[in-house]
Amino acid sequence: MDLVSASGTASSYLTADGLQPALEGNYSLKRGDKSINLAVAWKRSPDTGQGHGHRATVYANAAPAADVAVEGAGLSDNKALKLNLGQDVLDGQLTWNGAYNPWSYQSQARYDGDTHTVSSNDNAGRTLEQGLAYTRDLAPGASIDLRALYRTAETNADAAAVTAGVTSHALTATSASEQVLAGELTWQALDGVVLRGGIERAVNTNDNSNSYQPDAQSPATPGTGAWVQEARLEGQLSSAWQVDQTLSAEAGLKISHASLSTGAGPADGKASLYPKPRLRLSLSPSTSLQLRLRMEREISQLNFGDAAGYFAVADKALRAEYPELVPAKTWLCEGTVEYRFLERGAAMLSYTQSHIRDVIDRMPMRSATTTADVAGNIGDASADSVTGMLNLPTDSWLLPQGLLKLSTTWRSSSVTDPATQATRQLSGEQALAWRVEFSQDLPQQRTAWGFSVDNGWYNDSWQTAERDTSSGSGWARAFVNYRPASNLTVTLELNNLAARTVIYDRSHYAGGDRLAGVVDFAEHNITRTQPFAMLRVRRDW
């Protein structure tokens with residue numbers, strides 16, 4: 001008997017600038033040992049971070065302050081085609097999956113001050129993915145999983161600016177690829193004991209080129225391109241042990257060998273070998289209480305742009321005085337307590353402590369005549385975080401089938417700033433984040449509704465020449481689902497109800513170096529975004 005299912009969804013953003021539609025379809029067929037899954041989608045969506053605002057710049061010298069009105073808008077267009085095929089082969093299951101995602105993004109911003117400037121971005125690209133997987137039982141208690149993946153991505157970007165009738169262009173072209181071959185063997189050696197061993201080979205390549213055209217009459221001038229490739233071979237062995245109904249344990253070791261090559265030449269390539277042990281314990285004294293402990297060593301993956309920028313420093317003598325860029329290494333210890341109550345209630349508290357070696361951030365390369373800003377290893381850091389979650393059923397609050405969710409995360413870290421040698425937090429860290437959600441099912445009315453509120457974000461980042469602060473006010477959302485029929489759902493979402501305000505502050509230091517401690521200008525950017533709605537209709541067959 002054939003098992004067939006399908007669904008179709010039509011939706012649209014409702015904004016002050018008009019409608020932005022989206023379509024999505026899914027089809028699934030199971031016939032004997034064969035299966036097929038097909039998904040297609042097209043979506044146009046506004047850039048919700050754009051809006052009306054202004055930019056004020058205050059100078060340390062006698063230059064008058066500058067105030068510029070800013071108005072911006074952006075639109076993205078995404079298409080997706082995904083296909084998954086499966087069939088039994090040689091007493092195993094063979095699956096192939098493919099995905100194709102072309103996309104584009106266009107935006108324009110106007111800056112009205114002493115001069116009038118219009119900037120625009122015209123970006124387009126695509127991703128293509130193919131994967132093959134095979135799973136087979138070898139003997140009672142033993143199985144093998146094989147996997148192959150090939151993914152490519154291409155992006156072309158044109159950033160243009162028009163000032164006093166002169167148009168300039170900054171052009172960027174990026175191509176990236178990933179190739180993965182992996183295999184894993186699983187064996188249930190004893191009752192409650194499972195052993196796993198595997199190996200994975202991955203090659204990631206990124207090729208970037210850019211050019212600049214100052215005006216329509218001038219030819220494009222090539223900029224600094226970058227080619228980076230990382231080849232990684234990783235082997236792993238682990239064991240999971242279900243001691244009894246209350247206690248389980250897992251221990252494992254991964255050994256990763258990675259080599260990095262750049263367009264700067266073979267001499268700039270380097271290799272590294274890192275062990276990554278892990279231990280996980282889970283204790284359940286009762287059916288409602290669980291205690292978990294995790295200890296693990298994590299190794300970061302070098303950012304392609306950071307690596308290329310470091311090895312492409314023009315002054316090789318300057319770079320020779322600094323250690324080579326290496327991945328960050330983190331020893332992580334995490335403890336979690338989780339308690340479940342009633343039918344849907346749950347409470348969780350987790351504490352994580354991290355010790356990070358060779359933190360990667362922006363750092364200065366200094367000589368007697370110049371200072372370069374590059375990504376580098378700035379030293380060691382410590383980081384702590386506490387996460388709490390509470391799910392409260394509201395049946396006893398005259399809100400049957402309601403669920404209130406509260407979640408929060410607190411973070412603290414410490415690292416030595418490479419420019420000033422002062423202690424500060426890690427770049428990009430948000431000290432406090434919280435979220436409140438509520439939803440309620442109303443079966444008799446065939447309706448569900450809910451809302452959510454969060455506190456937005458706030459973080460700092462540091463470069464050699466400046467300190468940047470980014471923040472966004474809270475985000476509020478509400479929704480209503482209505483099911484006029486068992487196979488039909490209509491959803492209305494109201495987003496950004498609090499009209500988020502986005503603020504970006506930039507403090508630039510004299511001489512291009514924060515070590516001097518003298519700010520030569522400060523820039524304050526503020527953007528006010530607009531609420532928007534989404535209407536979605538889904539039909540199942």
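Each residue takes its place number in the sequence, starting with 1. What you see below is based on every heavy atom in this structure, not just the backbone, and it leaves out hydrogens, waters and symmetry mates.
- For Gln290 and Arg292, the side-chain atoms include at least one donor-acceptor pair closer than 3.5 Å.
- No donor-acceptor distance shorter than 3.5 angstrom exists from the side chain of Asp513 to the backbone of Ala516, with no hydrogens or angles considered.
- When only modelled atom types and interatomic distance are considered, Asn459 and Ser470 share no side-chain donor-acceptor pair under 3.5 Å.
- Within a 6.0 Å sphere centred on CH2 of Trp241, heavy atoms belonging to other residues, nucleotides or ligands number 12 at most.
- The local environment of CH2 in Trp187 is sparse, with at most 12 non-hydrogen atoms from other residues, nucleotides or ligands closer than 6.0 Å.
- Proximity of a side-chain donor or acceptor of Ser76 to a complementary backbone N or O of Ser45 within less than 3.5 Å is detected.
- The neighbour count for Lys82 NZ, taken as heavy atoms of other residues, nucleotides or ligands under 6.0 Å away, does not exceed 12.
- Under 3.5 Å, the side chains of Asp468 and Gln463 contain a donor-acceptor pair of N or O atoms.
- The only option from Gln179, Glu129, Arg126 that meets the side chain to side chain contact (heavy atoms under 4.5 Å, CB included) definition with Thr152 turns out to be Arg126.
- With 3.5 Å as the limit, one finds a donor-acceptor pair spanning the side chains of Glu523 and Asn525.
- The OG atom of Ser238 sits 7.0 Å away from atom CD of Glu184, with the distance rounded to the nearest 0.5 Å.
- One finds the CD atom of Gln106 at 9.0 Å from the OG atom of Ser120 (value rounded to the nearest 0.5 Å).
- In this structure, CG in Leu81 is found 9.5 Å from OH in Tyr100, a value given to the nearest 0.5 Å.
- Salt-bridge formation is detected for the pair Arg294/Glu334: a Lys NZ or Arg NE/NH1/NH2 atom is positioned less than 4.0 Å from an Asp or Glu carboxylate oxygen.
- A salt bridge is absent between Arg411 and Glu429; no separation between the charged side-chain nitrogens and carboxylate oxygens falls under 4.0 Å.
- Between Asp460 and Arg424, none of the side-chain N atoms (NZ, or NE/NH1/NH2) sits under 4.0 Å from a carboxylate O, so this pair counts as no salt bridge.
- Residue Gly376 comes nearest to Leu325 through the heavy atom pair CA-CD1, 3.7 Å, listed as atom of the first residue, atom of the second, then distance.
- Taking a cutoff of 4.0 Å between a charged side-chain nitrogen and a carboxylate oxygen, Arg232 and Glu200 qualify as a salt bridge.
- Ion pair Arg147/Asp145 not flagged as a salt bridge, since none of the NZ, NE, NH1 or NH2 atoms sits closer than 4.0 Å to an Asp/Glu carboxylate oxygen.
- Formation of a donor-acceptor pair under 3.5 Å by the Asn455 side chain with backbone atoms of Trp434 is found in this model.
- Rounding to the nearest 0.5 Å gives a distance of 8.0 Å between CG of Leu281 and OG of Ser248.
- Rounded to the nearest 0.5 angstrom, Lys276 NZ and Gln236 CD are separated by 10.0 Å.
- Without hydrogens or angle criteria, Tyr134 side chain to Val89 main chain gives a donor-acceptor distance under 3.5 Å.
- Side-chain N or O atoms of Ser461 include none that pairs as donor or acceptor with a backbone N or O of Ser427 at under 3.5 Å.
- Remark: the Tyr351 side chain and the Asp384 side chain contain an N/O donor-acceptor pair separated by less than 3.5 Å.
- At distances below 3.5 Å, not a single donor-acceptor pair connects side-chain atoms of Ser256 with backbone N or O atoms of Tyr274.
- In this structure, Lys329 places its NZ atom where more than 12 heavy-atom neighbours from other residues, nucleotides or ligands lie under 6.0 Å away.
- Summarising the geometry of Leu515 relative to Ala419, their closest heavy-atom pair is CD1-O, 3.4 Å, with the distance given to 0.1 Å.
- The pair Asp373-Arg366 fails the salt-bridge criterion, with no side-chain N (NZ, NE, NH1 or NH2) lying under 4.0 Å from an Asp/Glu carboxylate O.
- Contact detail for Gly388 and Leu349: the closest heavy-atom pair is CA-CD1, 4.3 Å.
- A donor atom on one side chain and an acceptor atom on the other are found under 3.5 Å apart for Thr387 and Thr409.
- Side-chain polar atoms of Thr205 and Gln229 form a donor-acceptor pair below 3.5 angstrom.
- Nearest heavy-atom pair, Ala381 versus Val359, reported as atom, atom and distance to 0.1 Å: CB-CG2, 3.6 Å.
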Subject >> Residue pair Glu250, Arg278: steps toward the salt bridge (charged side-chain N to carboxylate O under 4.0 Å, His left out) verdict >> reply: CA-CA 8 Å; Glu250 180 184 351; Arg278 72 177 185 273; 3.1 Å; yes
Subject >> Stepwise salt bridge (charged side-chain N to carboxylate O under 4.0 Å, His left out) test for Arg280 and Glu296 >> reply: CA-CA 8 Å; Arg280 299 176 184 179; Glu296 193 166 352; 3.4 Å; yes
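- A side-chain donor-acceptor contact under 3.5 Å links Tyr105 and Asp47.
- Scanning all heavy atoms of the two residues, the minimum distance from Val326 to Ile360 falls at O-CD1, 3.6 Å.
- With salt bridges taken as basic N to acidic carboxylate O contacts below 4.0 Å, none links Glu24 and Lys43.
- Remark: Arg362 fails to qualify as a cation-pi partner of Trp462 under the 6.0 Å distance and 45° angle criteria applied to the six-membered ring.
- Counting only distance, with no hydrogens or angles, the side chain of Ser300 and the backbone of Ala328 share a donor-acceptor pair below 3.5 Å.
- Aromatic ring orientation, Tyr13 versus Phe532: tilted (interplanar angle from 30° to 60°).
- Of the possible donor and acceptor atoms, none in the side chain of Gln425 sits under 3.5 Å from a partner among the backbone N and O of Gln430.
- In this structure, the separation between OG1 on Thr330 and CG on Asp380 is 10.0 Å, given to the nearest 0.5 Å.
- Judged by distance alone, the side chain of Asn496 and the main-chain N or O of Arg500 form a donor-acceptor pair under 3.5 Å.
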